[in-house]
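All residue numbers in this chain count up from 1 along the given sequence. Computed over heavy atoms, backbone and side chain alike; hydrogens, waters and symmetry mates excluded.
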Amino acid sequence: MTVVHPIARAWITTGGTGAQNYDEFADDAEITAIIEANPHSALGIEMPHRAPGSLGKSFLDALPDAVARLAEAKADGSYTPAERVVVLYRITAPGEEPAYGLFAMVDTDQISTRADEPGLVIRNEDVFIAKVRERVALAEALGHLLSPVLLLQTGRGEELHEALAAATESAGAPAATDTDQAGRTHAIWLVGPGPEQDRLTTLAGGGELVVADGNHRSLAAQTGNLPRFLAVVTTPRSVAIQPYNRLVSELTTSGAELLDRLRAAGAEVTPIDGPVEVPAAGGTVHLRLPGQGYAVRLPHVDGGPLDNLDHTLVERLLLRDALGLDPGDKRITYVGGDYPASWLTGEVDAGRAELAILIAPVTVDDFVAVNLAREKMPRKSTWFTPKARGGLVVAELAG
């Protein structure tokens with residue numbers, strides 16, 4: 001018995017609806033610009049209050065607009081229905097190995113967040129509850145899920161990878177393709193009921209599944225009492241972890257005092273000559289204050305590997321202790337790996353932020369080890385690439 005199931009009633013893109021997920025942006029104005037350039041983008045449904053025709057409304061007030069946009073997309077042929085399918089998924093780009101996944105539904109009651117909580121789906125990060133509430137409200141209003149949770153198959157990942165590669169190779173022309181902002185091509189193929197579907201769902205559910213992207217969406221499925229949630233089950237060979245950095249728009253103290261507080265906590269602070277980049281390895285983070293960059297070697301603290309992750313130490317020593325900021329403070333922007341170091345430092349140099357914090361990416365091995373131990377990663381600490389694209393496969397909850 002597998003925890004991965006076909007989508008009872010799916011809506012499959014016919015092209016033009018694919019979108020970055022709602023939480024991949026450092027600037028809300030980017031969302032509005034994308035929707036304006038492509039009104040069929042699923043972002044107009046996922047983030048209705050950022051759509052050009054709904055600006056000024058709150059998220060909740062804009063939900064009727066989201067419902068209308070989805071209905072219009074289904075009516076105008078942007079999506080076509082399919083019954084009891086799983087969907088093969090391949091992401092390709094020049095110079096990169098193909099990434100594979102499987103769109104399917106996963107049992108919500110399998111989500112585990114503690115060592116003493118049974119379940120094969122491991123959610124690994126703290127979340128911002130306001131974002132969870134928005135996802136619950138959107139699912140209730142739409143009766144559909146447009147954005148998948150990305151799950152990493154840690155038990156039978158290599159078998160799944162080979163099976164998905166072979167299945168896509170023999171599947172013929174894809175049902176649809178989509179090109180993302182990085183130039184990657186996302187292709188999908190439908191697999192209906194039968195032995196191949198059974199084999200793929202068994203492999204996809206054949207071991208512990210770690211939430212690589214979509215902690216808020218998976219918690220929203222629990223909070224909203226959904227029996228199953230939309231997911232892309234992928235393989236360790238298909239993903240990499242990029243940096244996940246921070247911008248602080250307003251400091252609570254001077255830059256000099258911040259550095260003194262870090263030194264008092266045991267950090268070593270060294271000025272950086274030249275551009276401030278993401279550190280090549282863990283143990284040191286790079287800061288950009290107005291006019292100067294610094295390398296900050298973080299102190300080792302008592303505790304295990306999780307306690308000494310760079311993201312854990314930044315959250316505790318720098319944000320909480322040195323600046324007195326809760327991780328959910330609106331002055332902190334979490335900036336994923338799609339944005340280069342030059343963009344973050346440029347925000348400081350332009351006066352739109354007062355501090356950039358650049359952090360080396362977590363390794364896949366460390367990420368898996370923390371999760372299998374049922375420990376919780378700090379908020380926004382892993383930026384997996386390539387990202388599963390929203391708006392390609394939509395799951396109708398009524399099914």
I would like to know whether R237 and E162 meet salt bridge (charged side-chain N to carboxylate O under 4.0 Å, His left out); could you show each step before the answer? CA-CA 10 Å; R237 213 192 326 164; E162 295 298 334; 2.6 Å; yes
For D326 and R320: C-alpha separation, side-chain torsions, deciding distance, then whether salt bridge (charged side-chain N to carboxylate O under 4.0 Å, His left out) applies. CA-CA 6 Å; D326 180 85; R320 289 188 185 276; 3.5 Å; yes
For S54 and R69, run side-chain hydrogen bond (donor to acceptor under 3.5 Å, both in side chains): C-alpha distance rounded to whole Å, both residues' side-chain angles, the deciding distance at 0.1 Å, then the answer. CA-CA 11 Å; S54 304; R69 290 188 189 104; 2.8 Å; yes
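Clustering ILVMFWY residues whenever any of their side-chain heavy atoms sit less than 4.5 angstrom apart, transitively, puts L258 in a cluster other than the one holding V276.
For the atom pair CG of L355 and CG of L344, the computed distance is 10.0 Å after rounding to the nearest 0.5 Å. Atom CG of L88 sits about 6.5 Å away from atom CD of E196, to the nearest 0.5 Å. For the atom pair H144 NE2 and L397 CG, the distance stands at 7.5 Å (nearest 0.5 Å). With rounding to the nearest 0.5 Å, the separation of CG in L70 from CG in L138 is 9.5 Å.
Between L43 and F25 the shortest side-chain heavy-atom distance falls below 4.5 Å. At least one side-chain heavy atom of I45 sits less than 4.5 Å from a side-chain heavy atom of L146. With a 4.5 Å cut-off on side-chain heavy atoms, F229 and L219 do not count as touching.
A side-chain donor-acceptor contact under 3.5 Å links D180 to the backbone of G183. A side-chain donor-acceptor contact under 3.5 Å links D329 to the backbone of R331. Looking at H311, its side chain never comes within 3.5 Å of a backbone N or O of L309 through a donor-acceptor pair. For the pair T108 (side chain) and L226 (backbone), a donor-acceptor distance under 3.5 Å is present. Judged by distance alone, the side chain of R84 and the main-chain N or O of A82 form no donor-acceptor pair under 3.5 Å. Under the 3.5 Å distance criterion, the side-chain polar atoms of S41 are left unmatched by any main-chain donor or acceptor of T17. Formation of a donor-acceptor pair under 3.5 Å by the T14 side chain with backbone atoms of G77 is found in this model. Judged by distance alone, the side chain of T32 and the main-chain N or O of R50 form a donor-acceptor pair under 3.5 Å. Looking only at distances, a side-chain donor or acceptor of T2 sits under 3.5 Å from a matching main-chain atom of T201. Remark: side-chain polar atoms of T284 are not paired, donor with acceptor, to backbone N or O of A295 under 3.5 angstrom.
Between Y79 and W11, the ring centre distance reaches or exceeds 6.0 Å. Aromatic ring centres of H186 and Y89: separated by under 6.0 Å.
Aromatic ring pairs are classed by plane angle as parallel below 30°, tilted from 30° to 60° and perpendicular above 60°; the pair F59 and H49 is perpendicular. Between F367 and F384, the two ring planes are perpendicular [angle over 60°; tilted spans 30° to 60°].
Pairing each heavy atom of L313 with each of P299, the nearest pair is CD1-O, 3.6 Å.
Remark: R184 CZ is packed, more than 12 non-hydrogen atoms of other residues, nucleotides or ligands lying under 6.0 Å away. Annotation for R379: atom CZ counts as buried by contact number, over 12 foreign heavy atoms lying within 6.0 Å. By the neighbour-count criterion of 12 heavy atoms within 6.0 Å, atom CG of D273 is sparsely surrounded, having that number or fewer from other residues, nucleotides or ligands. Atom CD of E257 has more than 12 heavy atoms from other residues, nucleotides or ligands within 6.0 Å. Summarising the local packing, CD of E169 is surrounded by 12 or fewer heavy atoms from other residues, nucleotides or ligands at distances under 6.0 Å. Annotation: E158, atom CD; neighbour count of heavy atoms from other residues, nucleotides and ligands within 6.0 Å is above 12.
Under a cutoff of 6.0 Å and an axis angle of 45°, R133 and F128 do not form a cation-pi pair. The cationic group of K380 does not satisfy the cation-pi geometry with W383, failing either the under 6.0 Å distance to the six-membered ring centre or the 45° limit from the ring axis.
At a cut-off of 3.5 Å, with distance as the only test, no side-chain donor of S218 or Q222 sits close to an acceptor on the other residue. There is no side-chain donor-acceptor pair under 3.5 Å between Q110 and D107. Neither side chain, E208 nor T154, offers a donor N or O lying under 3.5 Å from an acceptor on the other.
Here the rule is side-chain hydrogen bond (donor to acceptor under 3.5 Å, both in side chains) with S147, and of R389, R217, E46 only R217 fits it. With T235 as the fixed residue, the side-chain contact (heavy atoms from CB on, under 4.5 Å) test singles out one of R156, H161, E159, Q153: H161.
Ion pairing between a basic and an acidic side chain is recognised when a charged N comes within 4.0 Å of a carboxylate O; D213 and K387 show such pairing.
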